[in-house]
Each structure stands twice: as C-alpha cells, then as structure tokens.
> 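I have a structure here, written as structure tokens, and I will follow up with some questions on it.
Every number for a ligand or one of its atoms is a count from 1 in the order of the listing. Everything numeric here is computed off the predicted structure, so don't read it as measured data.
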Amino acid sequence: MKKLFAKKNTAIIDKDRLPKHIAIIMDGNGRWAKKRGLARSAGHYAGSERFRSAAKYLQKLGVEHFTVYAFSTENWKRPEDEVSGIFSLLEKYLYEAIDDLKDDNIVLSFWGDLSPLSPKLVELIEQTDRLSAKNDGMHVNICLNYGGRAEIVRAVRSVAEDCASGAIDVSDIDDKLIDSRLYSKNTPPPDLLIRPGGETRISNFLLWQLAYSEMYFTDTLWPDLTDDKLEKIIIDFQQRNRRYGGL
Ligand code: FPP
C-alpha cells in the first residue's frame, strides 16, 4: 500500500484509494474579505489563488479530475463590479494558464453556457482548449455560467432533437446516453464534493453527476481551505463506506 505525506502520529492518505474526481463549491470568499475589512473582490482574488494552489496539490497527489464552481447561472444577480471582477480574475488565470499549460500538463475545460461571455474570454478559452488537447495530466474543469438544471435541459433537448430526426429511438435513452450529452461527458462522476463556507446545500451544482458522491461540508471559508485541510478531508473520505444503494 503506497502512502503519501506521512506526518508524525497522524493518519495518512492511502494513495491506492484516492478519489478519482473531486468537485468543490468555492464558497466564502466574500465573508473572508469582510472579516479582514477588505472589499469582496479581495476575497475572490484570495479564492482564485487558493484554487491554483489546490489544483497543484491535487495534481501532485494523483487526483485525476478536479472540478470547481466558479460562476453560476444565478451569479449574474450580483453587483456588476463584482461580476466583472470575477471575470477579470478568470481572464488573468487564463493568460497565465496559456503560458504554463505545457509544463503543468493539465487538461483545462470550461463547463457551462459560454455564449454570454466577452469575445476576449471566449477566445482565451478556445486557446486553452487547443493547448490542452496536447496534455494528458489532471483534468481541471471550471464551471462558468453553469447551472445543473440548465445542463440537464440542454442534454434533454439534444436527445429530443435526435429522437425527432429519427437518429435515435426513445428506447435508446438510458443513463449512458444522457451522460454523453452533459458537459461532463467522458468524466467519471465526482467521488467527493467539498463545500466550504458553512452552507449545506449543493446550489444547482452537478445535479446529475453527484448522485452517489460523498459530501463534505465545512465552516472553513474557501480561501482558508489549505492543502493541509484538503489532506484531512481526503483522509476522512477514505474512511467512508460507499455502498451505492447496496449493502
Ligand atoms: C462564492 O463565494 C464564490 C463565487 C461566486 C466566485 C468564485 C470565484 C472565484 C474563486 C474566482 C474564480 C477564478 C478562477 C481562476 C477559478 P461568495 O462570494 O458567495 O462568498 P460569501 O458567501 O462569503 O459572500
């Protein structure tokens, strides 16, 4: 049994039983900033830095897929300057990712309806798609203008169109077919969903994919969810008994 990052007298991660896919709702940036007397934008900046570090840590550990909720279909309701601040952070991340993608060997994907985004952001995303195609390391999926219900509606429409055109028969519709019409196609479902920030709900995130995921909720705010804390969460996950509806 290979083990990683042994620490004195503490449980350690079993590298043979790593979650293949970890998803995170990056919540608590605003409160993190408020506690420090800073603007909410400073919280999102700290959140984006934590995302970069977490991705590096999880990649080093050997996690294969890492999916984060960066901007939901409901987040447009926030003040305009906060929305544009989050998009600026994404733009900054993309510029840096484009430079680093070759060395980092991550496969970067964006899940969500990208049509209302600025042409600049869409162009950067297309560029990272092209560069990512050459990589075979950890898959990092950033959910952007994403909603779980909207994703399912999109999949149902695509299946309905194929039924109407005669390309498929109603009897062909099964789990696998629906899976193949989601943004997450070709990705195993998350083994573990982590939500920092104290809320215990999934907020329209990966509604289909989370069917059998283990949930971990913590009061720690996202920018404070250090690699050490992630390590403890993974150890907690490894102690759980997953039954998938069986005994
Ligand atoms: C939720 O916290 C966080 C968001 C809606 C935005 C998350 C975005 C980022 C971390 C930046 C994305 C950038 C990259 C590079 C992935 P909240 O603002 O609702 O926190 P609160 O509940 O404390 O107010």
> May I ask you to test the Leu206-Tyr146 pair for a side-chain heavy-atom distance under 4.5 Å?
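Leu206 vs Tyr146: side chains touch.
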> Tell me whether Ile86 shares a hydrophobic cluster with Tyr95, the cluster being built from Ile, Leu, Val, Met, Phe, Trp, Tyr side chains joined at under 4.5 Å.
yes
> Is there any side chain to side chain donor-acceptor pair (under 3.5 Å) pair reaching into residues 159-168, and which pairs are they, with sequence neighbours excluded?
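Pairs touching residues 159-168 that pass the test: Asp162-Arg181.
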> Is a salt bridge present between Arg40 and Asp81, judged by a nitrogen-to-oxygen distance below 4.0 Å?
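No, no charged N to carboxylate O under 4.0 Å.
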> Name the residues in contact with ligand 1, where contact means a heavy atom under 4.0 Å away: which are they?
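Answer by chain and number: Met26, Asp27, Gly28, Asn29, Gly30, Arg31, Arg40, His44, Gly47, Ser48, Phe51, Ala70, Asn75, Arg78, Ile86, Leu90, Tyr93.
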> If you apply the rule side-chain hydrogen bond (donor to acceptor under 3.5 Å, both in side chains), what do you find for Ser115 with Asp113, and how did you get there?
CA-CA 6 Å; Ser115 59; Asp113 176 11; 2.6 Å; yes
> Is it true that Asp179 and Lys185 make a salt bridge, defined as a side-chain N closer than 4.0 Å to a carboxylate O?
no
